[in-house]
Amino acid sequence: GEYCGYRGTVTEVTSEVEAEEKRLAHYQHFAEAMEAIGEGIALYDKDLKLIVCNEVYRRGFGSEIYSHIRPGVSMEELIRTDAKAGFFGALSTDQDVEVKVREQMSLHHNPGTYSEFQSLDGRWLRISRKGIKDGGVVVTVTDFSEIRQREEELAQSKEHYQDLFDKSIQGIVLHRD
């Protein structure tokens, strides 16, 4: 055999490679931004399957379900696992768990809602749901325990001073500048 040369084609792919690098850089920035947010945040698709969430969201539900929170898991499965682990408070029967699952799922099917409750570990949490165009849902979880504690302290202080005022046999003068 005698060498006769070779044939081939060349395609310029620089713009595609640069576009992919730019997309990856944007994704990295977005991922860093999600982690920098002080709230738990998650994105679910129209079938209420988890697409992505930040670490605050994963940690927010306790160690019992941490390993269950992964892309593709259904919101219903997470809620059921949460309920069985006591996240929504003590539920004594399987029927109570299913009632809680239905209640929470109805909220997620109606984006724009929020719920507040005290978890078994004592934290006060607000779960907010916002719909997006394709039918998916963005869920945020906010720990507002400190605010709730301050509200309770303020209410106790008000009650204390009201009690002093009511039981006083002498007049009390309030002066405001």
Does the R102 side chain pair with the main chain of K100, one donor and one acceptor, at a distance under 3.5 Å?
-> no
pair E76-L48: side-chain heavy atoms closer than 4.5 Å | no
Should we count CD of E146 as having more than 12 external heavy atoms under 6.0 Å?
-> no
Looking only at non-hydrogen atoms, find the nearest pair between I127 and F117 and report the distance.
-> CD1-CE2, 3.7 Å
How would you list, by chain and number, every residue that makes a side chain to side chain donor-acceptor pair (under 3.5 Å) with S74, sequence neighbours excluded?
-> none
Exercise: identify the closest heavy-atom pair between E103 and S106 = O-OG, 2.7 Å
Looking only at heavy atoms, the pair that brings E35 and C53 closest together is OE2-O, 4.3 Å
Same cluster (ILVMFWY, side-chain, under 4.5 Å), I41 and I51 = yes
Got a second to check how far D82's CG is from M75's CE, nearest 0.5 Å?
-> 10.5 Å
What are the two closest heavy atoms between R70 and L50, and how far apart are they?
-> O-CD2, 3.5 Å
Using side chain to side chain donor-acceptor pair (under 3.5 Å) as the criterion, list what pairs up with S128, not counting sequence neighbours.
-> none
For the atom pair CG (D94) and NZ (K84), what is the distance rounded to the nearest 0.5 Å?
-> 6.5 Å
Less than 4.5 Å apart, any side-chain heavy atom of K22 and any of H26?
-> yes
If two hydrophobic side chains count as joined below 4.5 Å and joins carry through other members, does V141 share a cluster with L107?
-> no
E98: side chain to side chain donor-acceptor pair (under 3.5 Å) partners, not counting sequence neighbours = R80
Connected hydrophobic set around V13, excluding itself, where side chains approach under 4.5 Å | V17
Using modelled atom types only, decide if a donor and an acceptor are shared between the side chain of D47 and the backbone of K49 within a distance under 3.5 Å.
-> no
Okay, side chain of S145, backbone of W124: is any donor-acceptor separation there less than 3.5 Å?
-> yes
Side-chain (N54) to main-chain (E39) donor-acceptor, under 3.5 angstrom = yes
side-chain contact (heavy atoms from CB on, under 4.5 Å) partners of V52, counting only residues at least two apart | M34, L43
Minimum side-chain heavy-atom gap Y114-T142 below 4.5 Å | no
Starting at OG1 of T113, measure out to NZ of K130 and round the result to the nearest 0.5 Å.
-> 8.5 Å
Could you state whether M105 and Y57 fall into the same hydrophobic cluster, counting links through intermediate Ile, Leu, Val, Met, Phe, Trp or Tyr residues with side-chain heavy atoms under 4.5 angstrom apart?
-> yes
Using the test side-chain contact (heavy atoms from CB on, under 4.5 Å), find all partners of T93 that sit at least two apart in sequence or belong to another chain.
-> Q95, D96
Pair R126-T140, side-chain donor/acceptor within less than 3.5 Å = no
Within-4.5 Å side-chain heavy-atom neighbours: V56 and I37 = no
